[in-house]
Amino acid sequence: MDLLEREVRAMLKDKAAEMPQEYEPSTELLGRTSRRRTNKVMAVGIVSALVLLAGVTGVVAATRSSSHVQVQTPPPKPVVINHPKPKRPKSTPPSGAASYVVTRTGKIGSVTLGASTEADVRRALGAPANVQVANVGVSGYPQFRALGYECDKGSSSRQEADPIQAASNGTTCSTRYFVNTTNGRLVGFWTTSSTYSTDHGTQVGMTAAEAVQHEGQAVPTIGCDIGTMILGSRQTGPEVHIGIGTSATAHVKNIGEVAKGDPIGLFFC
Amino acid sequence: MTIPVVEATVAPSLADMYRAESGRAATLAYLLTGDRHLAEDIVQDAFLRVGSRLRHVSPETFGPYLRKTVVNLARSHFRRSAVRRKHAGRIEQEHVLRQRAAEEGSTDDGTREELWRALQALPARQRETIVCRFYSDMSEAETAAALGISLGTVKSSTSRGLAALRAAMVGEEQ
């Protein structure tokens, strides 16, 4: 270690000592987070009431004033449509070929990140079962429309999987397509369904070892993206995320992809 | 794992997490920004953001995730010109005060103040890599993961940062 490096370390240590080593959580911090919980409970009640009304009018419009999330379902569809969904294997790789291929160049089946629109998604997949307008809650990122497919209500096993489940009044979807509301382009995708696979053959339900073999890269064990295999770089093009985890018995849990630059901050980390 | 989550239920352990991690996080923010008040604001903001995602962040990844959020927030604060101007004013004030203190104090203190000033003048990427490597004692790989950059960028940014600090210190001596 040279002299300068030693000096830099000593200087940083000195400066670090100027800061308190521990802070007490402020009432603002705890208050704001508990208010979020309260608001969430209130919003669930409000949205439930509106859902009942929707049975008569076919229209639901719900707004949560204190959070970043608005729930919208286009008329005349009901809020939730229970589509038949494929069973997800628990410990064995899925059998059979996937219906849709997710490529590192941004193709998801017949639609393309950064180019396709909501209309293109609807043409390819039909009307979504659930539509929500939300944002990631980080300043600088615009709102998006999340088109949900294979949705149901009250499935606790899927609650962790749907990236916007907390905003959806208990409705969870196994697949979401995200459209940037500022330009109408498809910019994100997320699935826990084994009907999708990467162009190298990785599917939800496969073991971590198989995913590593298919994709030819390791799963990070440190940092913000721990447990997520990342293909490509959002700085130069589309970026695929394969959520696996780090346990010895980990399996592929989800596959997602964002357009170049991750315009809506879906993979903000 | 990236956390593409809009909002989630806050786990009851947020207060404990705050007590355990806030000191280190605030110090990291301070070393990155050079402004104590801004650092504390950043940590508060980071906790609000990470806290809302606690359900999706395991205890072992909470610290790294928090630190990455702190780094990102420090970057975004610097991008805003108004904040930057305000920050520059504070830094200038602090610098004047510290310079006076340094002049009255020992040579070591003076050198470290100059080094601190030089660190704050570095481009953000170089400052981040130096703080991660030499304060947080992260390896090059850990720094790359924490900052979301390649190993090569960590090496080059650290090397350039140290070279710039060396040049600044030599300049000061002359």
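A note on names: the letters A, B, ... follow the listed sequences, proteins ahead of strands, and every chain is numbered from 1.
Distance alone, capped at 3.5 Å, is enough to place a donor-acceptor pair between the Thr191(A) side chain and the Ser193(A) backbone. One N or O on the side chain of Gln217(A) and one on the backbone of Ile230(A) form a donor-acceptor pair closer than 3.5 Å.
If you measure heavy-atom distances from Leu66(B) to chain A, you find no contacts under 4.5 Å at all. Residue Ala17(A): no heavy atom, backbone or side chain, is found under 4.5 Å from chain B. No part of Arg67(B) comes within reach of chain A, as not one of its non-hydrogen atoms sits under 4.5 angstrom from that chain. There is no contact between Ala25(B) and chain A, counting heavy-atom distances below 4.5 Å.
For Asp262(A), the side-chain hydrogen bond (donor to acceptor under 3.5 Å, both in side chains) criterion is met by no residue, not counting sequence neighbours. Annotation: salt bridge (Lys or Arg N to Asp or Glu O under 4.0 Å) contacts of Glu215(A) (sequence neighbours excluded): Arg104(A). Looking at residues two or more places apart in sequence or on another chain, you find a ring-ring contact (aromatic ring centres under 6.0 Å, His included) between Phe189(A) and Tyr177(A), Tyr196(A).
Within residues 155-165 of chain B, the residues that have a heavy atom under 4.5 Å from a heavy atom of chain A are Leu162(B), Leu165(B), listed by number.
Thr182(A) and Asn180(A) form a side-chain donor-acceptor contact under 3.5 Å, judged by distance and modelled atom types alone.
With rounding to the nearest 0.5 Å, the separation of CZ in Arg36(B) from NZ in Lys15(A) is 8.5 Å. One distance of note links OH of Tyr30(B) with CG of Leu38(B); it measures 11.5 Å at 0.5 Å rounding.
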